[in-house]
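The structure under discussion appears below in the form of structure tokens.
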Amino acid sequence: MYDPTVARLTYRALLGRRRALILFVLPAVLIAISVAVRLLVGADDAVANQVLGGFALATMVPLIGVIAGTGAIGPEIDDGSIVYLLAKPLKRPTIILTKLTVAVGVTMVFSAVPMLIAGFVLNGNSRQIAVAYAVAAVAASVAYSALFLLLGTVSRQAVVFGLVYALIWEALIGSLVPGARTLSVQQWALALAEKTAPGAGIASDVGLPVAAVLLAAVTVAGAWYAGRKLRTLTLAGEE
């Protein structure tokens with residue numbers, strides 16, 4: 001269910017000059033903020049939670065997910081080059097799962113790793129806060145990648161819809177409207193962070209069992225439906 005050639009082409013598309021620049025800028029901003037905060041405030045668990053939860057997990061991780069998830073397939077559909085890939089003797093689930101694997105890997109590298117580094121900079125991983133948010137970023141990376149990969153297969157405006165979800169729903173509505181948090185990947189990931197670092201001031205509005213089920217459901221459903229849409233694209237191309 002993994003094709004090295006498809007993976008290589010996807011990595012090349014994701015790590016092209018423009019996307020790579022954005023992917024590197026966001027983690028660099030997080031680490032720069034963390035260094036500045038540590039110099040100005042010192043090691044403070046509450047501040048670490050605010051930076052890692054309020055900025056990194058709420059804004060940076062979904063934005064990177066948008067770039068990686070939609071970029072894994074969206075540009076190929078937009079320019080029509082997906083037809084050449086679909087003409088190869090490859091099963092559609094293999095194409096989707098390969099692209100999802102690449103998107104997840106890229107999102108993890110550019111979100112979870114900087115999150116861990118930022119956490120150590122902010123408070124030296126006191127109370128396992130750095131590790132907890134890194135675990136949350138890993139879980140969120142999987143769900144975001146599947147969600148935004150699906151968007152890339154169903155809409156030519158996938159980046160716009162992804163940004164609306166990341167910036168308005170996750171970062172704004174999810175932080176202000178309690179009921180909306182139940183449908184937030186951020187809150188599901190926070191449930192894992194809360195479990196990883198109990199007593200560290202990390203709190204989620206969703207219980208861990210529910211969060212785990214929802215994270216798995218979004219990932220599986222996103223990959224499955226993206227595969228179905230890819231079959232539809234093949235039929236449309238043949239017609």
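Bear in mind that the values here come from a model prediction, so they are computed numbers and not experimental data. Computed over heavy atoms, backbone and side chain alike; hydrogens, waters and symmetry mates excluded.
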Specify the closest pair of heavy atoms between [X] and [Y], including all atoms of both residues, with the distance to one decimal.
X: Trp188; Y: Ala211; value: O-CB, 3.5 Å
X: Gly227; Y: Arg92; value: O-CB, 4.4 Å
X: Val138; Y: Met108; value: CG1-CE, 3.4 Å
X: Val131; Y: Thr196; value: CG1-CG2, 4.3 Å
X: Thr107; Y: Ala103; value: OG1-O, 2.7 Å
X: Ala223; Y: Ile96; value: O-CG2, 3.6 Å

Verify same cluster id: [X], [Y] (apolar side-chain graph, 4.5 Å):
X: Val35; Y: Ile129; result: no
X: Phe55; Y: Ile31; result: no
X: Leu86; Y: Leu9; result: no
X: Ile117; Y: Ile33; result: no
X: Ile22; Y: Val164; result: yes

CA sep, side-chain torsions, deciding dist, call: Leu215, Val142, side-chain contact (heavy atoms from CB on, under 4.5 Å) = CA-CA 8 Å; Leu215 284 168; Val142 178; over 6 Å; no
Could you tell me if the side chain of [Y] sits less than 4.5 Å from the side chain of [X], heavy atoms only?
X: Leu90; Y: Val6; value: yes
X: Ser155; Y: Phe161; value: yes
X: Val185; Y: Val61; value: no
X: Tyr165; Y: Val66; value: no
X: Leu85; Y: Glu76; value: yes
X: Leu163; Y: Leu63; value: yes
X: Ile73; Y: Leu230; value: yes
X: Met115; Y: Leu52; value: yes

So does [Y] get a backbone contact from the side chain of [X], meaning a donor-acceptor N/O pair under 3.5 Å?
X: Thr153; Y: Leu150; answer: yes
X: Asn125; Y: Ala130; answer: yes
X: Asp44; Y: Asn123; answer: no
X: Gln128; Y: Ala197; answer: no
X: Gln187; Y: Val206; answer: no

Kindly compute the distance separating [atom1] ([X]) from [atom2] ([Y]), expressed to the nearest 0.5 Å.
X: Leu30; Y: Ser111; atom1: CG; atom2: OG; answer: 10.0 Å
X: Gln186; Y: Thr59; atom1: CD; atom2: OG1; answer: 8.0 Å
X: Asp45; Y: Gln50; atom1: CG; atom2: CD; answer: 11.5 Å
X: Ser184; Y: Leu214; atom1: OG; atom2: CG; answer: 10.5 Å

Establish, from distance only, whether the side-chain atoms of Thr98 and Asp3 form a donor-acceptor pair under 3.5 Å.
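Thr98 vs Asp3: no donor-acceptor pair found between side chains.
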* Asked: Can Ile67 and Leu14 be said to form a side-chain contact (heavy atoms from CB on, under 4.5 Å), step by step?
  -> CA-CA 8 Å; Ile67 296 168; Leu14 284 178; 5.5 Å; no
Would you check, one step at a time, whether the test side-chain contact (heavy atoms from CB on, under 4.5 Å) holds for Leu97 with Tyr2? CA-CA 7 Å; Leu97 289 178; Tyr2 180 87; over 6 Å; no
Test side-chain contact (heavy atoms from CB on, under 4.5 Å) on Leu190 and Ile202 and set out the steps.
CA-CA 7 Å; Leu190 276 175; Ile202 304 173; 3.9 Å; yes
Q | Heavy-atom neighbours of Tyr225 OH exceed 12 at 6.0 Å | A |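 No, because the 6.0 Å sphere around OH of Tyr225 holds 12 heavy atoms or fewer from other groups.
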Requested in this report: Quick one: which residue pairs count as a ring pair (Phe, Tyr, Trp, His ring centres under 6.0 Å) with a foot in residues 103-155, not counting sequence neighbours?
Outcome: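 As it turns out, the ring pair (Phe, Tyr, Trp, His ring centres under 6.0 Å) pairs with a partner in residues 103-155, which skip direct neighbours, are Phe24-Phe110, Tyr144-Phe148.
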